[in-house]
Number of protein chains: 2
Amino acid sequence: MADSTTIDVAQGEISRSEAKGKAPLLATTHQVFSTTKAMEREDNKGGYKRGVAIFDFILRLCALTAALAATATMGTTDQTLPFFTQFFQFQASYDDIPTFQFFVIAMAIASGYLVLSMPFSVVGIVRPHAVGPKMLLITFDTVMVALTTAAAGSATAIVYLAHSGNSSANWLAICQQFNDFCQKVSGAVVASFIVVVIFMILVVFSAIGLRKH
Amino acid sequence: MADSTTIDVAQGEISRSEAKGKAPLLATTHQVFSTTKAMEREDNKGGYKRGVAIFDFILRLCALTAALAATATMGTTDQTLPFFTQFFQFQASYDDIPTFQFFVIAMAIASGYLVLSMPFSVVGIVRPHAVGPKMLLITFDTVMVALTTAAAGSATAIVYLAHSGNSSANWLAICQQFNDFCQKVSGAVVASFIVVVIFMILVVFSAIGLRKH
């Protein structure tokens, strides 16, 4: 892996020095035999992969925004109804329901991962042929697809239950009472699905970047 | 894409005919200049990628088994309690809860996809350097990671609720009454998480297969 990276860098430098009109000093016998046309094609491929890497970085920024929005919306969800009985004060908060706690934790992890992955994405822009960072990103992106989808899916199941209830299990809909609560939670779920879709696109993009020439 | 496949096949044939001690008939000038050592390395890479492709096929078989088990277990879950009141006959079936319906549909789709993807996996074994089938598989595998995780996550949220209930929302645990129902559903959820993990491994494996040499 380290070998192939080094070779890529060397070839990149050769084509750059050729563009400046200098003689390729580092060229070995094998590299002399490979024609200039092949080198140009290599360089075009590099440009194409660099474009993909830049788009990858922008997508990560979008995903970070959506993930932070989902975390913040869910994390601040809290509604107290303006009436109470002798025994209960009617209050709904995200940490009453364990699924929503998991949602907040998973989205916070996804946000943290997105911040940490950005340097690797930048490496992909600077060195379009490097394989190591892309393998790392595609592996962890796949894990994040699973994590964020699990959070989004389970929260959706509970939100659906809160909206419409279930007569068979005798679970009543609580959204008539806690209307603001349900709306905020639904917004957070929508944001989390945006994060899921972006992570899926990122995996496919990394695969395109890994494709051999 | 089609070009690179053809070249790979030709190189493969040359090294095979060299192994038999015959002269490489198809070799062009460029291919003569590339050293035998490079060809051997190419061939080793091919063998290594073929091993990954075979493992990919075996994993797909395991995932298919787990997905079918999850579908069948959830789809046949039905429990009628041996007592009834004037108004209710106490019965629990998977299609009383929409989340479990989604679970069955998603797992059935995953099973169907796994069957359809097997020919492409076989192409990966026969032609280890072909990029097209691997790009196809990695894209749809990523979609399947999301689909199966959504099904597994949402079913988990509901099963957890059925087991332990939620006092804030006044949703009671139903597993005291419907014990068999809950156990079968939990089994199906465990099988679905096995499917999720296998799909994640498949994505990473396809990425390894796509890595350029």
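A, B, ... follow the sequence lines: proteins, then strands. Residue 1 opens every chain.
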Give, as side chain, backbone, both or neither, the part of B:A152 having an atom under 4.5 angstrom from any heavy atom of chain A. neither
Non-hydrogen atoms of chain B under 4.5 Å away: do they reach the side chain of A:D96, the backbone, both or neither? both
Side chain to side chain, A:V145 and B:V203, heavy atoms closer than 4.5 Å: no
Nearest-0.5 Å distance, CD1 of residue A:I201 to OG1 of residue B:T142: 11.5 Å
Under 4.5 Å to a heavy atom of chain B? For A:V143 that would be both
Separation between CG of B:L210 and NZ of A:K134, rounded to the nearest 0.5 Å: 12.0 Å
Portion of B:Y160 that has a non-hydrogen atom of chain A nearer than 4.5 angstrom: side chain
Is A:I97 in contact with chain B via its backbone, its side chain, both, or neither, using a 4.5 Å heavy-atom distance? both
Give, as side chain, backbone, both or neither, the part of A:L147 having an atom under 4.5 angstrom from any heavy atom of chain B. neither
State the OG1-CG distance between A:T99 and B:N166, to the nearest 0.5 angstrom. 8.5 Å
Turns out that what part of B:A162 lies under 4.5 Å from chain A's heavy atoms comes down to both
How close do B:V204 and A:M135 get, counting heavy atoms only, and between which atoms? O-CE, 4.5 Å
Just to verify, what does A:F205 make a ring pair (Phe, Tyr, Trp, His ring centres under 6.0 Å) with, not counting sequence neighbours? A:F55
Between chain A and each of B:A150, B:S93, B:A146, B:S206, count heavy-atom pairs under 4.5 Å; write down the option with the most. B:A146
A:V196 and B:T149, any side-chain heavy atoms less than 4.5 Å apart: no
Starting at CD1 of A:I208, measure out to CD1 of B:I138 and round the result to the nearest 0.5 Å. 10.0 Å
At a 4.5 Å cut-off on heavy atoms, which part of A:T156 comes close to chain B: side chain, backbone, both, or neither? neither
Correct closest heavy-atom pair for B:S154 and A:G153 would be CB-O, 3.4 Å
Nearest-0.5 Å distance that lies between atom CG in B:L172 and atom CG in A:N170: 7.0 Å
Which residues satisfy the side-chain hydrogen bond (donor to acceptor under 3.5 Å, both in side chains) test with B:S117, sequence neighbours excluded? B:R60
